[in-house]
Amino acid sequence: MDDPLDIQIPGLRLATDVREGGQAVVLRGTDGEGRELAIKVARPERWAKESLLREIAALERIHASDHESEHWLVELVSSGALPDGRPYMVLPWFPHSLLTWLTVEEPPMVARFDALVQACAAVARLHSSGALHEVTVHRDLKPGNFLVRQGEDLQVRLADLGGVKARTFRERTSNTVMFTPTYAPLEQRLPLERPLDSSVDVHALGVMVFQVLTGELPETALNRSGYRLPATAELQALEDSREALPPDKEARFQFLAKQPLSTFYDLDAAPDMLDSDINMLKNALNQGISADAASKVAEVLIPALERAIRADPDRRESSARELLGACIVGRAQAGAAPSTALDRLVAPVLGKGAARARTIKPGTKRKRKLIPLVLVSMAVGGVLALGALWWMWPRSVALGADEAAALGMDVQLAPARISVQYTG
C-alpha cells in the first residue's frame, strides 16, 4: 500500500496522525471550519474495499431510517473514492475507543457503567434498525469498535460496521467476515450454516461488559476449547482444504456445516459462568462502589451475563435489553445522576424513563405493561371463539305439524301447542 501520508482529499487538511488497521487506515484531519475529523481509507485489496462500501451503505441506511441515530451511531460526514478507486469515508474524530479510554483515563465505576449503558443501548437499537421482519447484526463487537469522547457528558458511539448484515430470521448464513475470536461465540468460529442470529452480538457484548468492569476477559468464554468434540477438528481440516477437496469430501463438509453446534462441542458440560469469574466481578464491584450497592448490582448483572455468554446459542439471550437493564441499575447504584439524554437513548428499547431505574430487575416494567394487552387479547379471543362455536353449533328448530308430517314424523299435538326439536 502507498504511503498513507500521500493521500489527498479536497477540502480536508490531513495530519500525520495515522492509525493502521487490518482493513483500512484512519487519518486525522480538519475541514475548512477547523472541525476535527477521521478519514477512513480502505486498503487496496478487493475484500477491504467491499467491507468499507458495506459500512458506508449501512451508515447511510440507518441514519436515514432512525432520526436519533446520531446519539448512538457514529456520524457519516461524507464519503467518496480516491483516484486509485479506494473508497473512503469521513467521520467525526473521537480521541478514544472504549479500550483505550479504559487504559488511558482509568475511569471510575460510575463512568464505566455510563459508557456500558450507551454501548448496550446502541447494540439494541442496531438490532432493530432493519426493515420489518429483519434483524441487523454487527458480527464483530468489541471495545475497539466503540468510540468515546469524554467531556461534560460522556459520549459513546458504535462504529466499524464493515461486517454488519441485515437479513430475515429465516435466512441462513455462514460466517464470512473477519471477527475477533476473544469476543466471538463458538458457533461464529466454525463455518456453520445457521440463521443470522443477534445472539452472537449479545455474547460479544457480555464479554465486553465483564472486561470493562473488571479489566480482564472472562475465563468462561476463553477456555471453551476443552469442550471440543472430534467432529470439530474434522470440520476445520476440511475447511482449510476447501479448494482441493474431492467430491466425497466436499459432500462431507456440506453435511457437517449443517449440523447443530452440539455436534462439535459438549455444550451441556460448558458452564454458563465460572465461579472464578463471578468472584472477580463481585470484587470489582465492591472496590468501585459501596458493598450494599455492589450486592444489588450483582443480583441483576450476574444472571444477565450468564444468559449472554452461554456456549449454547439456543439457550443464549438474543437481545441486548437484559444487559442494558442491568447496566442501568449499575449506573444508578454507582451514584450517577438521572440523564435526559440517556432517557432519550434508552426509551425506544426499554420504555419511557427506563434510564432512571434504580433496583427494578430488567424486564419487570415491560411485563407489567404487557398485562393489559394480554388481558384484552384473551377477551377478544374468547369472544371470537364463542362466536365461531355459535355459528357452527347445530341449530334447534321448532316444527309445525305440517312440517313434521312432511318429514314422516308421527306427532300428536297437545291441547295448547307443542315444540319439537329436530337436529338432523
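When reading the values below, keep in mind they use all heavy atoms of this one structure, side chains included, and skip hydrogens, waters and symmetry mates.
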Side chains of E306 and I278: closer than 4.5 Å at any heavy-atom pair? yes

Checking E317 side chain against A304 main chain: does a donor-acceptor pair fall under 3.5 Å? no

Tell me whether the count of non-hydrogen atoms from other residues, nucleotides or ligands lying under 6.0 Å of CG in D248 goes above 12. yes

Excluding sequence neighbours, so at least two apart, what forms side-chain hydrogen bond (donor to acceptor under 3.5 Å, both in side chains) with S199? D197, R316

Taking the side chain as every heavy atom from C-beta outward, state whether W72 and I62 have any pair of such atoms under 4.5 Å apart. yes

Are side-chain heavy atoms of L154 and W101 found at a separation under 4.5 Å? yes

Could you pull out the closest heavy-atom pair between L186 and A311, with the gap in Å? CD1-CB, 4.1 Å

Quick check: closest heavy atoms across L192 and L256, and the distance to 0.1 Å? CD2-O, 3.9 Å

Would you compute the distance between atom CD of Q8 and atom CG of L14 and round it to the nearest 0.5 angstrom? 8.0 Å

If you compare all heavy atoms of V74 against all heavy atoms of P92, which two are closest, and at what distance to 0.1 Å? CG2-CD, 4.1 Å

Is R86 reaching over with its side chain to a backbone N or O of V41, donor-acceptor style, under 3.5 angstrom? no

Partners of S69 by side-chain hydrogen bond (donor to acceptor under 3.5 Å, both in side chains), sequence neighbours excluded? H63

Lys/Arg-Asp/Glu bridge criterion (N-O < 4.0 Å) met for K296, D292: yes

I'd like to know if K142 and D160 make a salt bridge, using a cut-off of under 4.0 Å between side-chain N and carboxylate O. no

Is there a side-chain contact between Y265 and L190 in this structure, where contact means two heavy atoms from C-beta onward sitting under 4.5 Å apart? yes

Where is the tightest heavy-atom contact between A121 and L324, given as atom of each residue plus distance? N-CD1, 3.9 Å

I need the R331 CZ to Q118 CD distance, nearest 0.5 Å. 8.5 Å

Rounded distance [0.5 Å steps], CD in Q333 versus CD1 in I328: 13.0 Å

The test is side-chain contact (heavy atoms from CB on, under 4.5 Å); show your working for V209 and L301 and say whether it passes. CA-CA 10 Å; V209 167; L301 182 58; 4.3 Å; yes

Checking the side chain of S241 only, and the main-chain atoms of A244 only, is there a donor and an acceptor separated by less than 3.5 Å? no

Could you tell me the separation between the CG atom of L350 and the CD atom of E322, rounded to the nearest 0.5 Å? 11.0 Å

Measure across A320 and L205 and return the closest heavy-atom pair with its distance rounded to 0.1 Å. CB-CD2, 3.9 Å

Does E75 come within less than 4.0 Å of R35, counting only side-chain N to carboxylate O? yes

Backbone N/O of W93 and side chain of R149: donor-acceptor pair under 3.5 Å: yes

Taking the side chain from D201 and the backbone from R139, do they hold a donor-acceptor pair closer than 3.5 Å? yes

Using a 3.5 Å distance criterion without hydrogens, assess whether the side chain of N283 forms a donor-acceptor pair with backbone atoms of N279. yes

If you count every heavy atom of other residues, nucleotides or ligands that lies below 6.0 Å from R344 atom CZ, does the total exceed 12? yes

Checking the side chain of T214 only, and the main-chain atoms of L281 only, is there a donor and an acceptor separated by less than 3.5 Å? no

So do the side chains of L52 and Q23 get within less than 4.5 Å of each other, counting heavy atoms only? no

Looking at R310 and D312, is there a salt bridge between them, counting it only when a charged N and a carboxylate O are closer than 4.0 Å? no

Looking only at heavy atoms, which two atoms of V137 and H127 are closest? And how far apart? CA-CD2, 4.4 Å

Would you give the length of the straight line joining atom OG of S79 to atom CD of E55, rounded to the nearest 0.5 angstrom? 11.0 Å

Between S276 and E219, is there a side-chain donor-acceptor contact under 3.5 Å, judged purely by atom types and distance? no

For E105 and V148: C-alpha separation, side-chain torsions, deciding distance, then whether side-chain contact (heavy atoms from CB on, under 4.5 Å) applies. CA-CA 11 Å; E105 302 294 341; V148 179; over 6 Å; no

Side-chain donor/acceptor of H138 to backbone N/O of A159, under 3.5 Å: yes

Between R242 (side chain only) and F253 (backbone N and O only), is there a donor and an acceptor less than 3.5 Å apart? no

Could you grab the distance from atom CG of L267 to atom CZ of R315, nearest 0.5 Å is fine? 9.0 Å

Side chains of T180 and D140 only: does a donor on one sit below 3.5 Å from an acceptor on the other? yes

Check whether any side-chain heavy atom of L141 sits under 4.5 Å from a side-chain heavy atom of L158, and report yes or no. yes

Any side-chain heavy atom of L235 within less than 4.5 Å of one from Q259? no

Dump the intermediate steps for side-chain contact (heavy atoms from CB on, under 4.5 Å) on D272 and R307, then the final yes or no. CA-CA 7 Å; D272 292 341; R307 285 186 278 270; over 6 Å; no

Measure the shortest side-chain to side-chain distance between S129 and L126 over non-hydrogen atoms and say whether it is less than 4.5 angstrom. yes

In this structure, are over 12 heavy atoms from other groups packed under 6.0 Å from K282 atom NZ? no

Between R157 and E70, is there a donor-acceptor pair closer than 3.5 Å when you use the side chain of the first and the backbone of the second? yes

Taking NZ, NE, NH1 and NH2 as the nitrogens, is one of them in R194 or E187 under 4.0 Å from a carboxylate oxygen of the other? no

Criterion side-chain contact (heavy atoms from CB on, under 4.5 Å) on L116 and L213, from CA distance to verdict: CA-CA 9 Å; L116 287 174; L213 296 177; 3.7 Å; yes

